[in-house]
Amino acid sequence: MRHDDLNHELLARYAPRPGRRPLLPELSERQKLALLCRVLSREGYNDHIAGHITLRLDDGSYLANPWELTWGELTASDILRLDERGGVIEGDWNITPAIGLHLDVHRLRHDVRVVIHNHPEWSSVWSATGRVPPVYDQTSALVDTDPVVYDEYRGTVEQRDLGQAAASALGQHKWALLANHGALVVGASIRQAHLRAITLEWRCRLAWRVQALGGGHALGPEVVQATGARTDQNGFPFLWEAMCREEIRRDPTVLE
């Protein structure tokens with residue numbers, strides 16, 4: 001049985017029974033993106049107003065968070081819609097000058113619907129070393145591959161040639177550590193991108209702590225591959241919904 005078939009089977013087996021309340025209310029794409037920003041901000045993707053997420057829609061336009069607002073404060077109504085060149089066609093705010101990085105990744109990767117870039121604390125620590133953090137526990141293994149390291153920092157990615165270089169360095173990988181800069185994570189869906197983003201930061205944080213104690217015993221590559229192959233395809237079952245519910249409980253206005 002393929003890993004994605006197994007994951008679907010697990011979801012079907014443990015899904016709430018008929019008559020139980022839904023795990024989440026029905027959400028618009030803007031609401032999902034706002035929740036993703038809130039969830040990731042709490043996970044460490046919170047470098048002030050830095051960072052941007054794009055979601056490619058079926059009509060070729062994009063949803064994105066505005067430049068002026070932190071990920072921890074924006075709501076669904078703040079989410080912008082962009083044309084294929086990155087111009088704002090719906091919304092009251094501005095888009096980051098670094099949007100070209102996202103457009104270049106979307107142009108190179110037709111399998112990608114979500115692109116996340118920010119400077120999370122622990123991913124930035126490892127990006128500054130140019131090293132890939134080892135996998136020391138199950139949660140760090142929820143994605144089955146290592147991030148690629150783009151080991152040249154020549155300036156901020158609003159410079160188009162630098163953004164293109166970072167997008168090219170990502171290649172067909174799921175995530176990247178940008179040297180002396182931060183993280184770049186992509187996914188075919190919000191659920192998948194969410195899992196990859198939180199797994200990267202968890203993995204970086206735990207690896208730093210383990211190595212600060214003098215090191216530990218990393219999981220074998222075959223264990224990481226087997227673990228991540230079961231979860232990365234569709235996201236860890238029910239995790240995205242649980243994190244969204246937590247944000248909605250804290251601040252229901254996120255959906256407005």
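Throughout, numbering of the chain's residues begins at 1 and tracks the sequence.
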*asked:* For the backbone of Leu142 and the side chain of Thr227, can you confirm whether one donor and one acceptor N or O come within less than 3.5 Å of each other?
replied: no

*asked:* Quick one: does any side-chain atom of Asp83 pair with a main-chain N or O of Gly86 as donor and acceptor, under 3.5 Å?
replied: yes

_Within the structure provided, determine whether Ile248 and Leu255 are in side-chain contact (heavy-atom separation under 4.5 Å)._
yes

*Euclidean distance, Ser41 OG relative to Asn46 CG, rounded to 0.5 Å*: 5.0 Å

*asked:* On a heavy-atom basis, which atom in Ala64 and which in Leu82 lie closest, and how many Å separate them?
replied: CB-CD1, 3.8 Å

*For residues Leu108 and Gln172, report the shortest heavy-atom separation together with the two atoms involved.*
O-NE2, 4.4 Å

*Cation-pi between Arg245 and Trp240: NZ/CZ under 6.0 Å from ring centre and within 45° of the ring axis?*
no

_If you compare all heavy atoms of Gly235 against all heavy atoms of Leu195, which two are closest, and at what distance to 0.1 Å?_
CA-CD2, 3.8 Å

*If you measure only the distance, is there a donor-acceptor pair under 3.5 Å linking the side chains of Thr70 and His48?*
no

_Ile53 side, atom CD1; Thr96 side, atom OG1 - distance, nearest 0.5 Å_ = 12.5 Å

_Asn180 side chain near Ser127 side chain, heavy-atom distance below 4.5 Å_ = no

*asked:* Please evaluate residues Leu35 and Leu24 with respect to the criterion side-chain contact (heavy atoms from CB on, under 4.5 Å), reporting the C-alpha separation (whole Å), side-chain torsions for both, the decisive distance (0.1 Å), and the verdict.
replied: CA-CA 12 Å; Leu35 283 166; Leu24 276 178; 5.5 Å; no

*Rounded to the nearest 0.5 Å, how far does CZ of Arg250 lie from CD of Glu246?*
4.0 Å

*For residues Asn94 and Pro66, determine if any side-chain heavy atom of one lies less than 4.5 Å from a side-chain heavy atom of the other.*
no

_Under 3.5 Å: donor-acceptor pair, side chain of Asn65, backbone of Ile95_ = no

*Grab the two heavy atoms, one from Ala197 and one from Leu40, that are nearest each other, plus how far apart they are.*
CB-CD2, 3.8 Å

*Would you say the side chains of Glu201 and Ser123 form a donor-acceptor pair under 3.5 Å?*
yes

*Residue pair Gly130 / Val149: nearest heavy atoms and the distance that separates them*: O-CG1, 3.9 Å

*Evaluate side-chain contact (heavy atoms from CB on, under 4.5 Å) for Ile116 paired with Val114, printing each intermediate quantity in order.*
CA-CA 7 Å; Ile116 301 169; Val114 182; 4.1 Å; yes

*Quick one: are Asp137 and Arg203 in side-chain contact, heavy atoms under 4.5 Å?*
no

*Would you check if His106 and Val112 make a side-chain contact, meaning some heavy-atom pair closer than 4.5 Å?*
yes

*asked:* I'd like to check Thr231 versus Leu239 (side-chain heavy atoms, cut-off strictly below 4.5 Å). Are they in contact?
replied: no

*Hphob cluster co-occupancy, Phe236 + Val224, side-chain heavy atoms under 4.5 angstrom*: no

*Start with the C-alpha distance between Tyr136 and Leu219, add both sets of side-chain angles, then the distance that settles side-chain contact (heavy atoms from CB on, under 4.5 Å), and finish with yes or no.*
CA-CA 6 Å; Tyr136 285 114; Leu219 298 182; over 6 Å; no

_From CH2 (Trp71) to CG (Leu33), nearest 0.5 Å_ = 9.0 Å

_In one Ile/Leu/Val/Met/Phe/Trp/Tyr side-chain cluster, 4.5 Å: Val185, Trp202_ = no

*Are the charged groups of Lys174 and Asp144 less than 4.0 angstrom apart, N to O?*
yes

*How long is the span from the OG1 atom in Thr129 to the CD atom in Gln211, to the nearest 0.5 Å?*
9.0 Å

*Hey, what do you get for CG (Leu80) to OG (Ser61), rounding to the nearest 0.5 Å?*
11.5 Å

_Would you say that Glu121 contacts Arg205 through its side chain, given a criterion of any heavy-atom pair below 4.5 Å between the two side chains?_
no

*Go through His102 and Tyr62 one step at a time and tell me if the ring-ring contact (aromatic ring centres under 6.0 Å, His included) criterion holds.*
CA-CA 10 Å; His102 290 249; Tyr62 300 93; 9.0 Å; no

_Gln31 side chain vs Ser28 backbone, donor-acceptor pair below 3.5 Å_ = yes

*Audit row: Asp92, Asp78, side-chain contact (heavy atoms from CB on, under 4.5 Å) steps and yes/no*: CA-CA 7 Å; Asp92 299 324; Asp78 295 315; over 6 Å; no

*Can Glu29 and Arg113 be counted as an ion pair, charged N to O under 4.0 angstrom?*
yes

*Answer yes or no: is there an ion pair linking Arg81 with Asp59, defined by an N-O contact shorter than 4.0 Å?*
yes

*Examine distances only and state if a side-chain atom of Asp232 and a backbone atom of Ala229 form a donor-acceptor pair shorter than 3.5 Å.*
no

*asked:* Test of understanding: clusters of I, L, V, M, F, W, Y form through side-chain heavy atoms closer than 4.5 Å, transitively. Do Val39 and Leu27 belong to the same one?
replied: yes

*Does the Trp67 side chain pair with the main chain of Trp93, one donor and one acceptor, at a distance under 3.5 Å?*
no

*Give a yes or no on whether a salt bridge exists between Glu73 and Arg38, defined as a side-chain N under 4.0 angstrom from a carboxylate O.*
no

*Which heavy atom of Arg30 sits nearest a heavy atom of Ile79, and at what distance?*
NE-O, 3.5 Å

*Check for a donor-acceptor pair, side chain of Arg196 on one end and backbone N or O of Trp175 on the other, with a separation under 3.5 Å.*
no

*asked:* Is it the case that the side chain of Trp122 and the backbone of Leu206 share a donor-acceptor pair, with hydrogens and angles ignored and the cut-off at 3.5 Å?
replied: no

_Donor-acceptor pair, side chain of Ser189 and main chain of Gln192, under 3.5 angstrom_ = yes

*Ser124 side chain vs Pro120 backbone, donor-acceptor pair below 3.5 Å*: yes

*Parallel, tilted or perpendicular, as decided by the 30° and 60° cut-offs, for the rings of His119 and His117*: perpendicular

_Leu69 and Ile49, any side-chain heavy atoms less than 4.5 Å apart_ = no

*Flag yes if more than 12 heavy atoms outside Asp111 fall under 6.0 Å of its CG atom; otherwise flag no.*
yes

_Within the supplied structure, the quantity of interest is the number of heavy atoms (other residues, nucleotides, ligands) at a distance under 6.0 Å from Asp58 CG; does it exceed 12?_
no

